[in-house]
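Below is one structure, written out as C-alpha cells, with a few remarks after it.
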There are 2 protein chains.
Amino acid sequence: MAMNSASPAKVSFKAQMLQAREDAIIQTASRLLAEKGFEAMTVDEVAASVGIAKASLYKHFSSKEDLAAAAMVRVMQRAQAYLRDLPPGAPMAQLRTVARWTMELKLRGEMPSLPSQNSTLRAKLIADTAYMDGLIDVSDCLGAWIEAAQAQGHINADLPAIAVLYTLYARACDPVLEFLKMGGQHDEEQIIRMVMASCFEGLAAR
Amino acid sequence: MAMNSASPAKVSFKAQMLQAREDAIIQTASRLLAEKGFEAMTVDEVAASVGIAKASLYKHFSSKEDLAAAAMVRVMQRAQAYLRDLPPGAPMAQLRTVARWTMELKLRGEMPSLPSQNSTLRAKLIADTAYMDGLIDVSDCLGAWIEAAQAQGHINADLPAIAVLYTLYARACDPVLEFLKMGGQHDEEQIIRMVMASCFEGLAAR
DNA sequence: GTCTATAGGAGGATAGAC
DNA sequence: GTCTATCCTCCTATAGAC
C-alpha cells in the first residue's frame, strides 16, 4: 500500500478534476436555472458558460433534464446540510432563520426554483430518489418545528402544518423579492426584512 | 340610414365573428399560458385547441409574443373592469376582496402568470402601452387603498406601500395555491381561506 | 381570412476522431 | 473525456392556393 500508492493518487487526482468540472457544470446550470427557468435555459448556453463543448457536457449528464435535476438535487442537499448544521434553538426561531436563509439564496440568484407549471422536469424530480429523499428529510425537519411552534402558541394553530410548510417553501421563489430588488429603492437586508415581516406578521396591522 | 342598413349590418356581423374567434384564441392562449407558461406553450397547440389552422392564428397575431401579450392585456383589462365595478367599501375590505378574487382566478386556471424570470415576453409587455396603462391604473387604485388602510391602522404601516402592493400581486401566482390543490386534502374555499389568512394575518400567532 | 404545405432556424442529442 | 461537426426533431413563421 506504500510503494504502489502513486497510481491510486493519480487516479484520485483525475477523479477530483472530473468532480470539479462536474461541480462547475452544475453550478452554472443552477445559476441559469434561477435566471431564466428550465425551458428558457439552453444546454449550449451552459456549456459555453462553463467553457466546455456541449458534447463534453453530455458525457456527464445524459440529458438536459438530468442536468437540471442534478442542480435541484444539489440545492436540496445544501438545504439538508444547512438544517443539519443549524445550532439548536426554539422552533419558531429556527423557522425564521431558515426562511431568511432561503430568501438570501434567492436574492443572490442561487435558488433554481422549480417551475410551478407543468413541466417534464417535475416528473423527473418526483422519480428521483435523491431529490425526494432530501425533500422528505427537509419537510420532516421543518414540519416538526412547525408543529412544535404551533404547540407553543408561536405559529397560528388554525393553519394546517402543511399550509405553513408550503408557505415557507414558497419564499424560495417569491417574486416580491426580485420586484423589490429591481425597484432599487431598498437594499437586500431591507427587502428581506420586509418580506419576513409580511410572511410571519402578515399585512394586517397588529 | 334605414334603406342601406343591410350592408353595415352584414359587415358588423362579419366583424363580430372575427372578434369572437379572436376572443377564443386569446382565451385558449390564456389558459395554456396559465397551465404551462410562455416557453412551454406552442402556437400549434393553441391553434389546434381553438380548432383553426396555425396560419389563421398568425393572421390575428403576428407572433407568439404578441399573442401572449394580448392574453396578458386581457387579464389586466379584466382586473380594471373588476375594480371599476366593485361596490364601494372600506379600503381594507376592498383589498381583501381583490386578493380573494385574484386567487379564485388562479385556482380556476384563468390567471396566465407572467414568468418572473427573464423573458422576451417581459420586454414586450413593458413596451405595450395597453398593458402598462392598465397596470398603472390598477396599481393606482390598489395603492390608494393600501395607503388609506395604513392611515386607518388596518395595514402594517411599517411596510412600504409598494411592498404591500407587490405582495398582493404575488397572490396571483402563488404556488401554495396549486400545491394545496394538488394535495387534495382541502376544497378551494378552504385553500383560499388559508392563503388569505397567511397573507393578511401572517404565519405567527396573534 | 382560412386552409395546406413548407421554409427557416434553434436547440437537444450523437458520431467519430483524438 | 474532450473536441468538431453533424443529425434530427420541434416550433415559429410564411407562401400561395382558394
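Within every chain, numbering begins at 1; the chains are lettered A, B, ... in the order of the sequence lines, protein sequences first and strands thereafter. Keep in mind that the numbers below use all heavy atoms, side chains included, and drop hydrogens, waters and symmetry copies.
Every residue two or more places apart in sequence or in another chain was checked for a side-chain hydrogen bond (donor to acceptor under 3.5 Å, both in side chains) with A:K59, and none qualifies. For the side-chain hydrogen bond (donor to acceptor under 3.5 Å, both in side chains) test, no residue two or more places apart in sequence or in another chain qualifies with A:S56. Annotation: side-chain hydrogen bond (donor to acceptor under 3.5 Å, both in side chains) contacts of A:E201 (sequence neighbours excluded): A:R96. Here B:D23 pairs with B:Q19, B:R74 under the side-chain hydrogen bond (donor to acceptor under 3.5 Å, both in side chains) rule; sequence neighbours left out. Evaluation of the salt bridge (charged side-chain N to carboxylate O under 4.0 Å, His left out) rule for A:D140 yields no partner, not counting sequence neighbours.
We find that CZ of B:R21 is positioned 7 Å from C1' of C:dT2, with the value rounded to whole Å. Protein atom CZ of A:F61 is 15 Å distant from nucleotide atom P of C:dG12, rounded to whole Å. The distance between atom NE2 of B:H60 and atom C1' of C:dT2, rounded to the nearest whole Å, is 9 Å. Straight-line distance from the CD1 atom of A:I25 to the P atom of D:dG1: 12 Å, rounded to whole Å. For A:D66 and C:dG12, the CG to C1' distance is 13 Å, given to the nearest whole Å. Rounded to an integer number of Å, the gap from A:I52 CD1 to D:dG1 P is 13 Å.
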Fill in the blank from the handout: Each nucleotide of nucleotides 12-18 of chain D classed B (base within 4.0 Å of a protein heavy atom), S (only sugar-phosphate) or -, in 5' to 3' order, makes BBBB---
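Under 3.5 Å, the side chains of B:S139 and B:Y169 contain a donor-acceptor pair of N or O atoms.
Residue B:S56 places no side-chain N or O under 4.0 Å from the OP1 or OP2 atom of C:dG1.
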